[in-house]
Amino acid sequence: MQPQTETHTLGDYDVTVVVTAPPYYENCMVVRHRPSGAKVIVDPGAGAAGILAAAQKMPGDVVAVLLTHGHPDHIASLAEVAAVTGAPVFAHRAEQVVLDAADEWGQALLGRPVPVPEVKYFDDEPTLDMMGGIRVVTTPGHTPGGVCFVFDGFAMTGDTLFMQGIGRTDFPGGDSRQLAASIRRFLDSVPGDTVLFSGHGPEWAAADAQKWWQAMGPMMA
Ligand SMILES: [Zn+2]
Ligand SMILES: [Zn+2]
């Protein structure tokens, strides 16, 4: 069965959201930068075939696989996607503790171990030198090394922030106060017309998220 996909054109970019297999329906994103022809795949969850098909539909080379974090619903097909595309995998150094335990996490949440290929860990908040520059905002709280990726006009918020919701913090390494501080920092760092693509569920506008967080944030901190 082909997964549900939807493609958005945003400035110089095409963003295809691939809704991956149940039970998590995680959103994997394929982003293409039209001027350079480069593509990245963000959070390859369950169903390598559907993700690779979505990537192949857009011309150009996959230059990287980016991870907002290392939970198994976001990396279920990481090894296969990395092997087929040959693209390097990037994650924050503080997330290594989660990725090193992918077999245990996978066993607990998917009922099977999840293989992890070689990962290039970055520190702090770099701007990744690809596709016109991808700004990293570190947003620990859902996991220790969770990040958001900010492109020109849109961002990937992983399980840090959903449409009118925030990531759970009851897993090992979660911290609700830290998550609240991360969400504030992230929302303060993006213009209101930024489209926010999250790890599960629909996208929404940063202006709506900022307004929502102004009301909800103080209760969740
Ligand atoms: Zn997660
Ligand atoms: Zn998730």
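Read the numbers this way: they start at 1 and go in the same order the structure lists the ligands and their atoms.
- Considering just the N/O/S atoms of D159, the one nearest the Zn ion (ligand 2) carries the name OD2.
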Test F122 against F90 for ring pair (Phe, Tyr, Trp, His ring centres under 6.0 Å), laying out the working first.
CA-CA 7 Å; F122 53 79; F90 293 91; 7.1 Å; no
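- Looking at H71 and the Zn ion (ligand 1) together, the shortest N, O or S contact belongs to ND1.
- One N or O on the side chain of Y24 and one on the backbone of L109 form a donor-acceptor pair closer than 3.5 Å.
- Atom OD2 is the N/O/S atom of D73 found closest to the Zn ion (ligand 2).
- With the Zn ion (ligand 1) as the vertex, NE2 of H142 and NE2 of H69 span 100° to the nearest 10°.
- A donor-acceptor contact shorter than 3.5 Å links the side chain of E95 to the backbone of G70.
- The atom name of the N/O/S atom in H74 closest to the Zn ion (ligand 2) is NE2.
- At least one side-chain heavy atom of I41 sits less than 4.5 Å from a side-chain heavy atom of V81.
- A salt bridge is defined here as a Lys NZ or Arg NE, NH1 or NH2 lying under 4.0 Å from an Asp or Glu carboxylate O, and D14 with R34 meets this definition.
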